[in-house]
Structures are given as structure tokens and as C-alpha cells.
Amino acid sequence: MSSEELNWTAVCKLGDILPGTGVCALVDERHVAVFRIGDAGVHAIDNIDPRSGASVLSRGLVGNLGEHIVVASPLYKNHFDLRTGECLEAPEHSVRAHHVRVCGDEVWVALA
Amino acid sequence: MLEPGSPRAQVSPGPTRGRMSDTSMKIVLVGHGMVGHKFLEELRQLQIPGAEVTVLCEEPRVAYDRVHLSEFFAGKTAEDLSLVAPGFFAEAGFTLRLGSRAAAIDRRARTVTTQDGVTLPYDKLVLATGSYPFVPPVKGSERDQCFVYRTIEDLEAMKAAGAISRKGVVVGGGLLGLECAKALRDLGLETHVVEFAPRLMAVQVDDEGGRILRSKIEALGVQVHTERNTVEITDGRSARHRMVFADGTHLETDMIVFSAGIRPRDELARQNALAVGARGGIAIDDHCRTSDAAILAIGECAAWRDQTFGLVAPGYEMARIAARQLAGDAQAAFGGADMSTKLKLMGVDVASIGDAHGRTPGCRSFRYADECKQVYKKIVVSADGKHLLGAVLVGNADEYGTLLQMALNSIALPADPEFLILPASDGKAKPGLGADALPDSAQICSCNNVSKGQICAAVGEGATTIGEIKACTKAGATCGGCVPLVTQVMKAEMARLGLSVNNHLCEHFPYSRQELYHLIRVGEIRSFEDLLARHGQGLGCDICKPTAASIFASCWNDFVLKGELASLQDSNDYFLGNIQKDGTYSVVPRMPGGEVTPEGLIAVGQVAKKYGLYTKITGGQRVDLFGARVEQLPAIWEELIAAGFESGHAYGKSLRTVKSCVGSTWCRYGVDDSVGLAIELENRYKGLRAPHKIKFGVSGCTRECAEAQGKDVGIIATERGWNLYVCGNGGMKPRHAELIASDLDKAALVRLIDRFLMFYVRTADRLQRTSTWRDNLEGGLDYLKAVLIDDSLGIGDELERQMQHVVDTYQCEWKTAITDPAVRKRFRTFVNDPRADQRIVFVEERGQIRPARAEERPAIENAEVEA
Ligand SMILES: Cc1cc2nc3c(=O)[nH]c(=O)nc-3n(C[C@H](O)[C@H](O)[C@H](O)COP(=O)(O)OP(=O)(O)OC[C@H]3O[C@@H](n4cnc5c(N)ncnc54)[C@H](O)[C@@H]3O)c2cc1C
Ligand code: SF4
Ligand code: SF4
Ligand code: FES
């Protein structure tokens, strides 16, 4: 899918996200976690933690494990790759990664 | 079937074992002490087919750790000392008869009869009856308030007597006598030791060592009387008893404990014409068999080559041999035991190895004495100067492990063996014995017969802390004397395997938490960015970020949500609440000491009602409100703060609660105001961030209604002040707290707690409760006492100052959070929508809310989870 066909939604200002943390945005009624990570830019994945069914991933701690830029679920501490949505400990619990970009100081998300 | 007594069985153990399964074997064990239980554990592991095991246990309780009996006075209970894992008998299928003494044996019929008349048949009888304390035949020794030191009942009686006595005497200045003297001193009595011989510990140490030991012990306030032969005990004038000595002098005292040696309990053998040793004890051969091959004897009651063993390690070895013997392994043989000992008596190290008195013909000795520091060391070497035969160490026994291994493994001595005991001087390294020098077969832990090879194997399988080594090999789990050497072997093996990286916090920092703490403190680092730039790499992770945040808080105590700090906090600290399974949070207002006014309680109730929160009383004597959504938290706290409440820090790795009983204010037994103290302490330490959560308890008297001994810090009121216990835990792995100081006034108590908490904050690993920290602390309780009470590291003032800084800079995090609009703004569900999280659904149960289960949720919600 080329980015022209994506349906972009402006969710917030970049300044609304404290560097090194995430927020949850509602995009077409879907809960999306949007993270801002220093130089590594912004990332978006589903906000719902498949293991608990709770909408919490945006509240996890972010960082890196080797090559992976990850968030740790605040509930069971399993790690999700922010670029692919893969759950490193249990691939069956992976989530979807979404498109995100910053234009000016506006953060835009498009569901994948 | 076993061929009873056939010496030929030794050559062919194989077939014997093969034939056993078709018939049953009734095994009766007499005596369930330390050795008896070790025998059962071995038996259970060997799984002998057809074995039916019955245990006669004279004492009212199952086997307990007699070696650590004295810890009963430091707060350990009978349950803590128990050696028997819960469910042991049921799982092993062994029958236990508690309070049942074997009174008679019929060797021809092969039966044993108990004192209450039950007769049991046996194929094999195992005697593990231990010893009894010898009471010298002194007129009056049967008077009231005269005790011996052997069982939990003895100690209970001593404790009761101690409470109504001022003065106590121990008869016997041996190893046990001195341990007993310490107990009396800890009970607060004026303590005396009366010894028949000219010196203390005559068996283990020589004259010069005995002299230094005596002056050290006298310096601790115990009066020593040597060369005193007690001839009579009569009524005293100034105290209950008067002890009259052969030289005409006398000593008055309220209670007396006899600790003048032990005698094997061989009465069953004597009644039944079994052979006994020249100096008593049931005679056994190398296979633990008595003169009747159907009867075995093990432990302190047994005499091997006319020798009895008053230590647990040889008994354990006999237990292993007897069990293997019954399993058909006729080759298992006892080869004597090393009687070397190391112990700490009232903080004084004493050790004795092998031929301590230099009795080997032609041997020579080296001696070192320092009368200022009160240290005495002696080594005995062979005539050719090549091997170590024995040693005596008093005042400092650091070299014990090295010397013992040199003696046991006949390791060649260095050219100048005197350097082994001389203090290391300028630059000249001591000729230590690297763990590498030991053969794999070297026995490192004699109590549990653990070799160097076994410890290395455990490391290979992933055990990398002393606690883990203890758990999987049992090395160090009994007397603890071998722990320094076990640690050394473990570390050497870890280094060999390249495992030493293991204490690194995570991939971002090549440091342990303790090292990181120092880097932050000394480098005055206040931000994660700075820390990462100076000492780390990568972006950080959910391990190092909260660890750094916690250290920043312990050191500088800034508001945890200030600027960049906020991004380091895990969800609980970021939202200042405890996250629950559905993503809602729980709210806990602080109620110091568990005290709350009716108005306060009503206010909490009104908040709960208004926001529809589930309400429950916690184990820490306060109220927990569940089911708050992120965006509700600031409003809820605004109302709680208006009603006078503060954050309870239930979400933080920090001080949680100080639980208390009502104490002397209301309770008819209370001796001091436990609630008042609890409130003061909770207010002092609230907000302190630590490697893990910290709980306190304060009880108003020894009845201990606040369960303070199950807490990280426990305080119990006494008639003379406060007793301080540390490093207890309820939770996953319960641990009894240990007494660290007694009868403190409040200022001294607070000072000691300041030091304790800060020392823990400084040195513990991430997520290590005080109990595991303590279990892994090299040097154990003595080390902790030395650091905190004697200030052996010279950091006491610094620790107190750092704590005072934390106390002075306390703020209620919630108050700061709700008054800072930038912080307050972060409490929302969606960044782009004011609605609440529709996925949070409650149903009602018992009149309150609870999260809906998957099947109770509306179907559309589930549809959305599918990616
Ligand atoms: C205070 C103290 C400190 C010690 N410190 C150390 C130390 O630091 N290091 C060390 O190595 N050792 C130490 N010891 C010695 C150690 O405890 C013993 O070596 C060990 O307990 C011996 O075990 P056992 O099973 O042979 O005897 P015990 O543990 O005494 O068990 C014998 C059991 O048999 C029971 N019994 C006796 N007769 C009968 C009968 N007819 N029917 C049924 N039951 C019977 C007894 O009631 C008892 O319960 C210490 C001992 C004491 C008291
Ligand atoms: S510990 Fe003592 S003072 Fe406190 S409630 Fe219990 S009996 Fe009373
Ligand atoms: S015991 Fe288990 S279920 Fe209960 S609160 Fe603790 S972690 Fe949760
Ligand atoms: S030597 Fe006693 S526990 Fe290891």
C-alpha cells in the first residue's frame, strides 16, 4: 500500500508527548499507542495488550533490547517491537504496528 | 533381602540390591534429631523398594536445627528452626510417632516397644538417639532454676527464668558453655562462666589462645572464673542460689545452666547387651552397624573406634552411610571425621583445626600474638615443614578456610609458612589459597559433604548467588562456617566461565546496581541522559530506567514526575497508582500507623462512593480503593488531600506501611506506645525510594500482635526500651527478622534505622527485598551489626546525613502532581479525545464493582481486540 492511499489522522502535537514516553490516541475508534523516542523518532502500535486485553501499552517503559526498539507492557512486562509490533517473548501475542509521521509539530497516524 | 551382617556382602553390592524388591523391609528409626532426619532424607532419595519406615520421636516436635538453637533467643521460632519440609512425611510415606520414646528392644523377636506400650516389629533398627547434657554430680544441682542447654523446651524454660532473674551462671567454659553465656547476656542478665579447667575451650585452643579469648569475653561483660570446682549449691542470700567451690569461695546467682559436656544416649544398647565404646556410645563398625547387624547407630550416640563425635557433620556422614547400607550398598564406609571448628562467640572468632595442640611427634609451630588487637594465631606444621597439621585462631579467623583446606588436602606449604598467619604488610600479598589450587574433590562444606566439584557444577547450571548455591547444593546451609570459601569457589568458577558479567544491571550499563549507585552519588548525576552518556549505551530499558529513577530519588529526592524523570518511571510511579489487570489503578491514602479518625474514614468512604470504587482493607492497615481510571486520579486525590490525606506510596518501591498494635495506650499488656512510635517512623521515612518496597511493624510488647518480626524493620517494646529486628519478610518466602539491638531509646533506634535503610538502599540489588539482601550479604548478621552498630566502615554519619536529607526534602507527590498543570494534563486516557476508555467495564459483586470477565463483556469489545 503506498502512503497516498493511507487514511491519515492528526492525533496531537509533538509537544504533547513527553520524550521517552507514549500516549494513547483514538484513530477510527481503534486504540493506538504513539511513542516519542529521542532521536529514533515516533512509532505507533496497537495500545491493547493482547495478554490482558487491557488498553495500556502506551503506558509502558520504552527503550531498546539489542536491535529492537521496544515498549515493555506495564502489566506483564513482555516487550513489543515498536517498528513491527512483534512481541519478543511470545510472538503469538504480537500487535499491529501503524504508520506515523510528524509534519511540522503535528503527529499523524494512519492505521496499517 | 539383605544378608544381615554378612561381611562378604561388601564385594557384591549389585545383586543384593536386585533381589530386594520382592520383599518388604521394616525400618524403625529411634530418634528424630538432626542426624535422624538426615537419614530419612537420604532414605527418601534412595527409594528403597518395599521399605516401610516408622520414626519414633521422643520430643514433642519433629527434627529442628540444634546447631542454630541459640537463635531461638534472637527471635527464631520452633517452626523457623524446623528441618522438616512441609509435607515431608506424607510425601515420603514414612510414619511418624511424635512424643514417642523407645523404651525397650527385643533383639530376638526384632521388636521395639515404646514407653506407652506400643510394640513395633523391625527388620532394621536405626538408633539416632543423640546425647544428653552431662550434669556434674553436685549437691543441689536439681534445684529450681537449674537448666541444661539442649532442646527447645530447655530454652523456653531458660527464657521464662531469665525474665525473673538478675544474675546467671553457666557451668562449663567450652564451646557450648560460651554460646549459652551469650544467650544469658542477651537476656539481660549479669553473666558468669565457671570453668573447671585452667582455660576456656580447653579442647580446641591452647593456653595462649585461651588467655586472649578470656580477655575478649570479659571485655564483653561476661565474668570468667577458671579452676573452679563446684561442690554444692545451696540457698543464696543476695540471690536464689549460692554455688560453693572446692577452694572455699562462692558465687551467688538466680539461675544456673549446666553445660559441662555431653554423654551419648546409649541406654538402649546397654540394656540389650550391644557393645558400647570404651568411653560410652553405641559401638559401630565402618558401616554404622552395631554388634547386632540388624541394628545400626548413627550420630552423637554412636562410637566409632571408641570415639564419639559431638558435631553434626560426622553424624550426617553416618546417616548417608547407613541409608546406603540399607539400600544394599555395602561398600559405603565411614572413615572418621575432621573435628576442626570455627565459630563466633559473642562476636569473637575462634577456630581450631586438626592437631591444634601440636601432639604429632616432631611437629613444629609458628605463633603470632597481637595483644593490642587481641589476636592470636598458631599453625602446627609437620617435622619436614611441608604440610600443615593444625591451627588455632582467636580474635580473627579469616584464614580458617585456607588453612583447613591446606590441612585436609595435604597441600604443600609455601617456603615461609609464617606468612600464612602474619597480617599482610605493605604490598606483600598474603599467600592465600586461591580456589584454583583446590582439587575438585576437596570438601568445601563438611556439614553437608559438598565438594568443590559440586559447587562448580551448580554454577555451571546457573546458580550465581550464594543463596542459589545454598538452595541447590546445601553448601553453607547448616553451620555457615564454610560460606566465605563457598563464595570464593563460586566466584572463581563464574570468572572461569566468563559469568562475572552477571551482576551487570542490563545491556545498557556494565555495572551492578550498587556500582551505579556510587557512580550517581559521587558523580552527582541527576539525569538519565547524563548517566547514559557517561556510563552507559543505547536507549535504556524497563530495567535500568526505574533503577536509575529510584537511585536519583534516594540520592537527590526530586519530584519523581519532574521533567525527564517522569519518562523513567514505570506505570505505577508515572500515574502514582497501582495498575490493575484491566488498566485501572488503585488508590491508597496514607494512614500512618494504621490510625485514622472517623472523619478521615468518612471522607475516604465518600470519595469511594462518589467515584464508584471497590473498597478493601489492606494487610498494611489502610484502605485501598480500586477501579479508578487514569483521568479520575487527579480529581480523586484533590478530594483526599482536601480531607487531610497524603500519598500512601503504595505504588512505589518505597516505604509502604508501619503496622502497629494499639500498645500501652489501650492494651492491658502493652509496655510502650507502639502506635505513637509507628506514626513517628512512618512520617519520618515516608517517600523514601529503595530497591524494593519496605514494610515496618511496631508491637507494644513481646506478644507481638503487629507481627513486626515478619517485616523489613520490626520493633518491639520492652520494659527497658525498644528491640530492633531487621530483614524479616512475609510474602513469597517468609523469613523471620533478626534481633540486631535491644533496649534502645528512641533516638538510638531512629539512628540505627536510618543507617540500616540507607545501607540497604546503597548496596542492595534491584528488586531485592531486605530479606534476600541479608541472605546474600557476605559476613551475614555479624557483618551487618559491625557496619551499623560498630561503624566498621566509617560510614555511619554519612548514612545518617543522607537519610536526613531525604526526610527534609519529603513532599506529597500527589499534592505536587495536582498543582502542576503540565503534570496533571498527562492524566488522560486519549490524547485526542475526552472520552473515557470504553473497554473498562465493571459488573457488580457483593455490592461493589469488579472488572468484567471476558465472557461478560459486550461482544463488540471483543471484536476489536482481534488484530
Ligand atoms: C546449643 C548447641 C549448639 C551446637 N552447635 C553446633 C555447631 O556449631 N556445629 C556442630 O557441628 N554441632 C553443633 N551442635 C551439636 C549438634 O547439634 C549435634 O551434633 C547434632 O544435633 C547431633 O544430632 P543427633 O541426631 O545425633 O542428636 P540429636 O539432634 O540430639 O537428636 C537425637 C534425638 O533422639 C531423641 N531420642 C533419644 N532417645 C530416644 C528414644 N529412646 N526414643 C525416641 N527418641 C529418642 C532425642 O530426644 C533427640 O530428639 C550444637 C548443639 C547444641 C545443643
Ligand atoms: S503486642 Fe502487646 S501491647 Fe500490642 S496489642 Fe499485643 S499484647 Fe497488646
Ligand atoms: S497474592 Fe497474588 S493475586 Fe494476591 S495480590 Fe498478590 S500477586 Fe495478586
Ligand atoms: S561446613 Fe557447615 S554449613 Fe558448610
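Treat the numbers as computed from the prediction; the structure is a model and nothing was measured.
For the residue pair S52(A)/D49(A), the side-chain donor-acceptor check at 3.5 Å is satisfied. Using a 3.5 Å distance cut-off with no hydrogens or angles, the side chains of E813(B) and S647(B) do not pair a donor with an acceptor. The closest side-chain donor-acceptor pair between S55(A) and N47(A) falls under 3.5 angstrom. Side-chain atoms of T829(B) and E631(B) include a donor-acceptor pair closer than 3.5 Å.
For V23(A), the part lying under 4.5 angstrom from a heavy atom of chain B is the side chain only. Contacts between E529(B) and chain A at a heavy-atom distance below 4.5 Å are absent for every atom of the residue. Heavy-atom distances place both the backbone and the side chain of D570(B) under 4.5 Å from chain A. With a threshold of 4.5 angstrom between heavy atoms, L26(A) approaches chain B through its backbone and through its side chain. Using a 4.5 Å cut-off between heavy atoms, Q569(B) contacts chain A through its backbone alone, with no side-chain atom that close. Only the backbone of L568(B) comes within contact range of chain A, with at least one heavy atom under 4.5 Å from a heavy atom of that chain. With a 4.5 Å cut-off on non-hydrogen atoms, F575(B) touches chain A through its side chain but not through its backbone.
Taking the six-membered ring where the residue is Trp, the centroids of W814(B) and F827(B) are separated by under 6.0 Å.
The cationic atom of R526(B) (NZ for Lys, CZ for Arg) does not lie both less than 6.0 Å from the six-membered ring centre of F552(B) and within 45° of the ring axis.
Contact tally against chain A (heavy-atom pairs below 4.5 Å) for D833(B), D582(B), I543(B), I579(B): the top residue is I579(B). The candidate from L65(A), T21(A), V56(A) with the greatest count of non-hydrogen atom pairs under 4.5 Å with chain B is L65(A). The candidate with the highest count of non-hydrogen atom pairs below 4.5 Å against chain A, out of V831(B), V630(B), D837(B), is V831(B). Heavy-atom pairs under 4.5 Å with chain A were tallied for Y585(B), F528(B), Y574(B); the largest tally goes to Y585(B). Most heavy-atom pairs under 4.5 Å with chain B: of the set C24(A), G63(A), A72(A), G60(A), this distinction falls to C24(A). With chain B as partner, the option from G85(A), S58(A), A25(A), G22(A) having the largest number of non-hydrogen pairs under 4.5 angstrom is A25(A).
Within 6.0 Å of the NZ atom in K77(A), the count of heavy atoms belonging to other residues, nucleotides or ligands exceeds 12.
Looking at heavy atoms from C-beta onward, H79(A) lies in side-chain contact with D542(B) at the 4.5 angstrom threshold.
The aromatic rings of H99(A) and W8(A) sit perpendicular, their planes meeting at an angle over 60°, well past the 30° parallel limit.
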